[in-house]
Amino acid sequence: MSEHNPVEGLVQVRAAIRRAAADGGRDPASITLVAVSKTFPAQDIAPVLAAGHRVFGENYVQEAKAKWPGLREGHPDVELHLIGPLQSNKARDAVELFDVIHTLDRPSLAEALAKEIARAGRAPRLLVQVNTGEEPQKGGVAPADVDAFLEACRDRYGLAVEGLMCIPPAEDPPSPHFALLNTIAARHGLETLSMGMSADFEAAIQLGATHVRVGSAIFGARPRKA
Ligand SMILES: *Cc1c(COP(=O)(O)O)cnc(C)c1O
């Protein structure tokens, strides 16, 4: 285990969420902390579970499949969120493993998820990822295409979309992106807004985030990918 203490990180992040909620006149209970445990081994996650936290986010289907069935054994009330890009050929595993998928962003994936949901008789909650910065290398639906995509999800694929998610460009101030996501969601009456990470979750809460995805502020720095 690393020297960093994830339970201390958790306590600090929870306190910061309460302060940001109070500043914005919001009920802290309306904000869900998704503890992003990608790349961290089960032994780093176990203390956070033992401290009572139940909502976790992972980026990779294979990694989550290896780690979570064991971790979930003593904690059947864990809620697992997929926050990384999803390949259509992993839709079956994703539907079996995750309770919420934040990264629905194209018709082929909507089709694959609809098929696996029907087959499994189990439906994860779904968020559409919006590429608010229109970055070519990033997943997500372009802001101009969100209306048509939501309509296709509903009418063509029979999927109930609960909300929207975004990852602002690293080099931009995040608040205009959070505000844009909020505006698009309001236009569609969508209540879930997944936005804000370690560096900017307070700003996201000011702009209406219902889910903040926080990794390094809880678990410490992730080893850099080789
Ligand atoms: C890794 C990741 C996070 C957490 O990032 P931190 O900066 O460590 O809080 C949040 N959202 C997504 C989509 C991620 O990939």
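Indexing begins at 1, ligand by ligand and atom by atom, following the structure's order. Values in this document were obtained by computation on a predicted structure and should not be read as measured data.
- When each atom of ligand 1 is checked for a heavy atom of Gly215 under 4.0 Å away, the hits are 4 (C), 6 (P), 8 (O), 9 (O).
- At least one donor-acceptor pair under 3.5 Å links the side chain of Arg26 to the backbone N or O of Ile205.
- The ligand atoms of ligand 1 that sit less than 4.0 angstrom from a heavy atom of Val214 are 9 (O).
- The nearest heavy-atom contact from the protein to atom 10 (C) of ligand 1 is Met197 SD, 3.2 Å.
- Per-residue contacts place Arg213 under 4.0 angstrom from the following atoms of ligand 1 (heavy atoms of the residue considered): 4 (C), 9 (O), 10 (C), 11 (N), 12 (C), 13 (C).
- Remark: minimum distance from atom 12 (C) of ligand 1 to any protein heavy atom is reached at Ile83 CD1, 3.5 Å.
- Counting the atoms of ligand 1 from 1 in the order shown, those under 4.0 Å from a heavy atom of Ser198 are 6 (P), 7 (O), 8 (O), 9 (O).
- His177 meets the ring pair (Phe, Tyr, Trp, His ring centres under 6.0 Å) test with no other residue; sequence neighbours excluded.
- Looking at Glu162, Gln129, His81, His102 one by one, the single match for side-chain hydrogen bond (donor to acceptor under 3.5 Å, both in side chains) with Ser194 turns out to be His102.
- The closest approach between any non-hydrogen atom of Arg222 and ligand 1 is below 4.0 Å.
- Pairs engaging residues 141-171 under the ring pair (Phe, Tyr, Trp, His ring centres under 6.0 Å) rule: none recorded [sequence neighbours left out].
- Closest of all the heavy-atom pairs between Ser37 and Trp68 is OG-CZ2, 3.8 Å.
- A salt bridge links Arg92 with Glu116: the closest approach of a Lys/Arg side-chain nitrogen to an acidic carboxylate oxygen falls below 4.0 angstrom.
- Which parts of ligand 1 touch Lys38 is read off a 4.0 Å heavy-atom cut-off, strictly below it: atoms 1 (C), 2 (C), 3 (C), 14 (C), 15 (O).
- Distances below 4.0 Å separate heavy atoms of Asn59 from the following atoms of ligand 1: 14 (C), 15 (O).
- Not one N or O on the side chain of Lys67 forms a donor-acceptor pair closer than 3.5 Å with the backbone of Glu58.
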